[in-house]
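The structure presented is a predicted model; accordingly, all values stated were derived computationally and were not measured. Per chain, numbering begins at 1; letters A, B, ... match sequence-line order.
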2 protein chains.
Amino acid sequence: MQIATWNVNSIRMRLGHIQQWLEKNPVDVLCLQETKVMDEQFPQDAFPGYTCAIAGQKSYNGVAILSKIKPTAISVGFAPILGAEVIGDLDVQKRLIHIQIQSIEIINVYVPNGQSIGSEKYEYKLCWLRALYQYLSHFTSLKLPVCVCGDWNIAPTDLDIYNPENKQDHIMASPPERQAFEDFLSLNFQDSLRRFSQESEQFTWWDYRAGSFRRNHGWRIDHILISSWLHSRAKNCWIDREPRGWEQPSDHTPVILELDIENIAILLN
Amino acid sequence: MQIATWNVNSIRMRLGHIQQWLEKNPVDVLCLQETKVMDEQFPQDAFPGYTCAIAGQKSYNGVAILSKIKPTAISVGFAPILGAEVIGDLDVQKRLIHIQIQSIEIINVYVPNGQSIGSEKYEYKLCWLRALYQYLSHFTSLKLPVCVCGDWNIAPTDLDIYNPENKQDHIMASPPERQAFEDFLSLNFQDSLRRFSQESEQFTWWDYRAGSFRRNHGWRIDHILISSWLHSRAKNCWIDREPRGWEQPSDHTPVILELDIENIAILLN
DNA sequence: GCTCGTCTCG
DNA sequence: CGAGACGAGC
């Protein structure tokens with residue numbers, strides 16, 4: 001069973017790329033971020049064989065999960081777990097969607113970017129990450145098998161940046177952000193790529209500006225985290241750089257996790 | 001010798017179409033309107049074999065003439081003939097360019113649209129047309145061979161509109177605009193298409209809106225006018241509808257005039 | 001750089 | 001409907 005994550009930076013602009021990629025990479029689950037469309041305009045019919053769970057908004061953000069198996073449950077935002085009173089406005093921006101398939105909880109996140117250290121958006125990012133911690137604690141305390149995919153906008157270590165010196169004041173690399181990422185791992189989540197490789201330059205995002213991709217000035221900020229039940233069942237995890245080189249690409253490229261679990265989709269279909 | 005006119009509605013967006021069209025229609029002179037780029041950004045190198053005479057501005061308007069023969073003279077706007085004091089601000093918008101090749105004066109115009117009868121822009125259009133009358137009088141009084149190509153934003157008669165009834169209050173069909181067009185003919189210019197055909201539905205422009213092209217709700221507003229020396233040398237004039245049917249087309253399509261004059265370009269090259 | 005919304009123009 | 005400008009966000 002394969003689960004992938006990809007920040008597509010507009011599903012409308014990237015529809016062709018997504019279809020092309022799925023053709024060659026028929027993953028069972030594809031988590032998308034930055035769809036940037038309202039639910040009414042999401043191209044649900046453009047992915048034959050997949051069911052779409054969507055949570056969109058106009059212009060910014062928006063997440064979706066395509067899955068071959070029809071989910072047994074879908075929920076959007078923190079509220080269903082943490083309660084609407086507790087999370088305040090944190091669900092206004094559509095950044096989290098959750099589905100359950102095959103008794104696995106799949107959570108797709110688009111963590112706020114944070115703009116710059118100390119900005120109002122930075123505080124929002126840290127606040128949102130604290131809510132995510134509470135949210136994920138709920139699942140881990142129940143010992144459920146959880147897979148958290150997404151654009152985390154955090155490079156966990158200096159191995160994950162093209163030029164790590166003097167980046168501690170840079171958004172996505174500041175100590176508070178990295179601490180927040182560490183906190184998730186302390187819930188017994190594993191960063192699945194690092195289960196299989198300790199190499200540097202395993203980037204998932206290259207800024208559109210300044211020829212970053214050509215010069216390989218990238219960051220690893222898209223991650224798939226897995227809870228303990230899935231650790232031993234993780235077979236491989238890798239980054240597919242190819243789509244970043246296509247014409248008019250997203251600035252992110254997909255990460256794929258392969259699990260040693262039979263795909264019941266095939267059995268069911 | 002062939003001379004064509006085409007309002008391309010952005011040379012940047014239409015570059016491929018223009019190149020494709022020139023491949024099949026290697027006219028000697030191509031007059032373009034609504035290039036919508038400043039001179040620095042005009043893709044001069046994109047037309048091998050052609051010299052570019054350009055007069056552009058940001059966002060709106062902009063005219064250019066591509067010619068196989070290098071012009072012996074180029075001028076922009078009314079001022080070189082009428083004097084800067086006389087024409088006031090009429091040259092701020094880039095709507096007129098003139099070249100001389102083979103002792104023929106080629107004038108390329110993008111007549112203001114006029115928006116709606118009685119509006120300020122309508123007055124500007126009529127004012128601009130009066131200036132054009134003075135401008136052309138200069139050439140005709142000298143008995144020079146003149147070819148005036150362009151988007152005139154005037155349908156000369158009811159033959160030139162898809163549904164002529166009740167269009168006398170419509171921009172491009174109002175009596176004052178038609179009178180202005182008549183005035184040019186009284187300078188002994190001929191509307192070269194009408195030299196060869198009196199048929200209706202010889203349209204050159206179809207609004208992007210309301211499926212106008214599909215329903216053939218068009219207008220003939222792009223014209224090539226020729227002064228008396230050229231009348232007998234005009235061999236044919238026609239409209240090429242094809243580019244209007246291409247993907248992401250301009251809303252206008254080219255008009256081509258064939259003159260029975262040897263193309264010295266071939267002799268010179 | 002690239003995509004979005006909103007605006008103006010035709 | 002389809003151009004371009006402009007400003008936001010990342």
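Listed pair A/Ser10 / C/dC2 fails the phosphate criterion, with no side-chain N or O lying under 4.0 Å from OP1 or OP2. In this model, the phosphate group of D/dG2 is not approached by any side-chain N or O of B/Arg14 to a distance below 4.0 Å at OP1 or OP2. Side-chain N/O atoms of B/Arg12 include none lying less than 4.0 angstrom from OP1 or OP2 on D/dA3. Dashed line: the shortest gap from a side-chain N or O of B/Lys36 to OP1 or OP2 of D/dA5 is not under 4.0 Å.
Counted by atom type alone, B/Asn108 and B/Gln33 present one or more donor-acceptor pairs between their side chains at under 3.5 Å. Counted by atom type alone, B/Asn7 and B/Arg14 present zero donor-acceptor pairs between their side chains at under 3.5 Å.
Relative orientation of the B/Trp205 and B/His252 rings is tilted, given thresholds of 30° and 60° on the angle between their planes.
Under the Watson-Crick or G-U wobble criterion, with both distances below 3.5 Å, D/dA8 is left unpaired in every strand shown. Under the Watson-Crick or G-U wobble criterion, with both distances below 3.5 Å, D/dC1 is paired with C/dG10.
Side-chain proximity of B/Tyr110 to D/dA3, C/dG10, C/dG1: nearest is C/dG10. Listed nucleotides: D/dA8, C/dC9, D/dG2. Nearest to the side chain of B/Tyr208: D/dG2. Looking at the side chain of A/Lys58, the nearest of the listed nucleotides C/dT6, C/dT3, D/dA3 is C/dT6. Distances from the side chain of A/Arg95 to the nucleotides C/dG10, D/dG4, D/dC10 place D/dC10 closest. In the set C/dG1, C/dG10, C/dG5, C/dG5 carries the atom at the smallest distance from any side-chain atom of A/Ser59.
Within the 4.5 Å cutoff, the side chain of B/Val148 has no heavy atoms near those of the B/Phe184 side chain.
Residues A/Glu177 and A/His170 share a closest heavy-atom pair of OE2-O, 4.0 Å.
When the P atom of D/dG2 is taken as reference, atom OH of B/Tyr60 falls 18 Å away, rounded to whole Å. One atom, CG of A/Asn9, and another, C1' of C/dG5, lie 15 Å apart when rounded to the nearest Å. Taking atom CD of residue B/Gln93 and atom P of nucleotide C/dG10, one finds them 8 Å apart after rounding to whole Å.
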